[in-house]
Novice: 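The structure is given below, and queries will be raised subsequently.
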There are 2 protein chains.
Amino acid sequence: MRPREFDHDEVLRVAFEQFWCKGVRGTSLSDIAREAGVQRGSLYNAFGSKEALFLAAYERYAGEYLGAIQKVLGSGSLRKRLTAFFDLTIKNFRSGSPPRGCPTTRGLMELGSAEGEGLDENARQAFADLVSRITDLVQGALSEGAARGEFDGAPEIAALHIVTVTRGLAVLERAFDDEAQLRKIAAHTINLVLGKEGR
Amino acid sequence: MRPREFDHDEVLRVAFEQFWCKGVRGTSLSDIAREAGVQRGSLYNAFGSKEALFLAAYERYAGEYLGAIQKVLGSGSLRKRLTAFFDLTIKNFRSGSPPRGCPTTRGLMELGSAEGEGLDENARQAFADLVSRITDLVQGALSEGAARGEFDGAPEIAALHIVTVTRGLAVLERAFDDEAQLRKIAAHTINLVLGKEGR
DNA sequence: GAAAGTATTTGACACGATGTCAAGAACATG
DNA sequence: CATGTTCTTGACATCGTGTCAAATACTTTC
């Protein structure tokens, strides 16, 4: 067979960069093709559709991101872990200039309620998956913290609450473009969950 | 001059209904024109652009929504007020079938980072405005509650935290389509802010 | 009451996006 | 070297936004 003339991974990287900056609907396959130095038709041949291309690019990102989260949630005191977790989260959607926002949150909100609109069920699944996995990791950290007496409460609902706050931060980031505000909210949340400072 | 052949407000109502269900990018002016029984060109004549039409429709919604929020946050014990606030918030984006989600959160996340992409600065302003006003109302309720001894802490950051959670709930709603989960998180948040039950 | 003026309507057009398709090109294998 | 399979390339159909000019309907003025 004829060999592919472009680097599969490189295209995914370039594509996700564009999706991240401009949103899925705001990025055309022509944009990606131009940026990646590939013919538009080749993208259709290799990935099938814009949606499938996005999904492939997103999975790549999600894997990397989840790894980073896992790392920061895996060592240190519970307070340090949660602080690092919020730090990483905020840093993630404040990266780039202008800041690119949170791709997962954005993707979730771009979903169409009606069938056939926007991203479909596969995409929702992928986004929900990442959120679920992150929640599990946070819950794990809380459970370990509870065993060491650093946390007192139900890890399950507390983890859900924390992840909800991170999603809310992604939204406020778009609204106010104020990183200090995000950090203040994050710190406050940690204090609410663990109790005030000297603990 | 020649009189307009359609009801300005009715068109805004119909338009926002569609924007709400399918997202701004997912709704075409042809859709709206068909549904409203108006020519597409007339919409451009009356509103100027899709974006301007959306904005006009959104302002209408925002006004009504803010009024409802103000009402539930204005009477009863602080715990009752916050419970009613979360109730209203969740009910709002669980309305419709399938549920339509939160238009403000969706709009914020659809914003393009780069200029010229997606909704522009005016839209961001409108979304951010609603979020700010809601935060002010929540803060007011907390301040009154503090004066009555129902709340102990800094109303400003607490209000910000609560609103952040509501935005996060809007995101989780899209991810998991699980209303019970949303209510659990809301109840947990209230408990974190006010202290456990019997208070 | 007729003419002029003005805003709305209507349909045609330009442009760009997605997705399909057929024909051409490049490599593997017999 | 022939054959077959995949990738590439350009043309096309369809739909979306936004612009424009001509037709239309009403108000105002003479």
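For clarity, every value in this text was computed on a predicted model and none was experimentally measured. Just so it is clear: chains get the letters A, B, ... in the order the sequence lines come, proteins before strands, and each one is counted from 1.
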Novice: Can you tell me if B/S42 touches the phosphate of C/dT8, counting only side-chain N or O atoms and a distance under 4.0 Å to OP1 or OP2?
Specialist: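 Negative; the distance criterion is not met.
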
Novice: Pick the nucleotide of DNA chain D nearest each of A/L43 and B/S30; which residue has the one closer to the 5' end?
Specialist: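 It is A/L43, whose closest nucleotide lies nearer the 5' terminus.
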
Novice: Find every protein N or O atom lying less than 3.5 Å from an N or O atom of nucleotides 14-16 of chain C, and list the pairs.
Specialist:
none

Novice: Quick check against the 3.5 Å criterion: does A/R174 have a side-chain atom that pairs as donor or acceptor with the backbone of B/M109?
Specialist: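 Pair absent, no side-chain N/O of A/R174 close to backbone of B/M109.
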
Novice: Taking the inter-plane angle between the rings of B/F16 and B/Y61 on a 0 to 90° scale, is it parallel (under 30°), tilted (30 to 60°) or perpendicular (over 60°)?
Specialist: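 Taking B/Y61 first and then B/F16, their aromatic rings lie parallel (interplane angle under 30°).
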
Novice: Just the rounded figure in Å: distance from P of D/dT17 to NZ of B/K50.
Specialist: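 Whole-Å distance recorded here is 5 Å.
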
Novice: In whole Å, I'd like the distance from the CD1 atom of B/I32 to the P atom of D/dC15.
Specialist: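 Between P of D/dC15 and CD1 of B/I32: 18 Å.
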
Novice: Calculate the interatomic distance between A/N45 atom CG and D/dT6 atom P; express it in whole Å.
Specialist: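 About 10 Å, once rounded to whole Å.
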
Novice: Quick one: sort the B/H8 and B/F47 rings into parallel, tilted or perpendicular, breaks at 30° and 60°.
Specialist: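 Aromatic pair B/H8/B/F47 classed tilted.
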
Novice: Could you give all pairs that pass the salt bridge (charged side-chain N to carboxylate O under 4.0 Å, His left out) test and reach residues 67-78 of chain A, with sequence neighbours left out?
Specialist: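 Pairs touching residues 67-78 of chain A that pass the test: none.
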
Novice: Could you check whether the side chain of B/R40 and the base of D/dG18 have a donor-acceptor pair of N or O atoms closer than 3.5 Å, going by distance alone?
Specialist: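 Looking at the base of D/dG18, it does pair with a donor or acceptor on the side chain of B/R40 (distance under 3.5 Å).
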
Novice: Taking B/E150 for its side chain and B/L78 for its backbone only, find out whether a donor-acceptor pair lies under 3.5 Å.
Specialist: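 Side chain of B/E150 to backbone of B/L78, a donor-acceptor pair under 3.5 Å: yes, one is there.
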
Novice: If you take any heavy atom closer than 4.0 Å to DNA chain D, which residues from residues 2-12 of chain A end up in contact?
Specialist: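 A/R2, A/P3, A/R4, A/E5, A/F6 - these, ordered by number, are the residues of the stretch whose heavy atoms sit under 4.0 Å from the strand.
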
Novice: Expressed as a whole number of angstroms, how long is the span from A/E51:CD to C/dA17:C1'?
Specialist: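 Result: 16 Å.
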
Novice: Provide, to the nearest angstrom, the distance between the OH atom belonging to B/Y44 and the P atom belonging to D/dC20.
Specialist: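 Whole-Å distance recorded here is 13 Å.
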
Novice: Given the rule in the side-chain hydrogen bond (donor to acceptor under 3.5 Å, both in side chains) test, do A/S28 and A/D31 qualify, once you have shown the distances and angles that lead to the verdict?
Specialist: CA-CA 5 Å; A/S28 76; A/D31 293 342; 3.3 Å; yes

Novice: I'd like to know whether CD of A/E156 has more than 12 heavy-atom contacts from other residues, nucleotides or ligands below 6.0 angstrom.
Specialist: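 It does not: A/E156 CD has 12 such atoms or fewer within range.
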
Novice: Compare side-chain N and O positions of B/Q39 against OP1 and OP2 of C/dG11 and report whether any pair is under 4.0 Å apart.
Specialist: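 Yes, B/Q39 has a side-chain N/O under 4.0 Å of OP1/OP2 on C/dG11.
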
Novice: On DNA chain D, does the nearest nucleotide to B/G48 precede the nearest nucleotide to A/V38 from the 5' side, or the other way round? Give the residue.
Specialist: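 Checking each residue's closest nucleotide, the 5'-ward one belongs to A/V38.
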
Novice: Can you check salt bridge (charged side-chain N to carboxylate O under 4.0 Å, His left out) on B/R133 and B/D129, steps first, answer last?
Specialist: CA-CA 6 Å; B/R133 286 171 196 271; B/D129 241 56; 3.4 Å; yes

Novice: Ion pair present between A/E179 and A/R183, side-chain N to carboxylate O less than 4.0 angstrom?
Specialist: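 A salt bridge links A/E179 with A/R183.
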
Novice: Please give, in whole Å, the distance from D/dT17 P to A/R25 CZ?
Specialist: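 Rounded to whole Å, this separation is 11 Å.
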
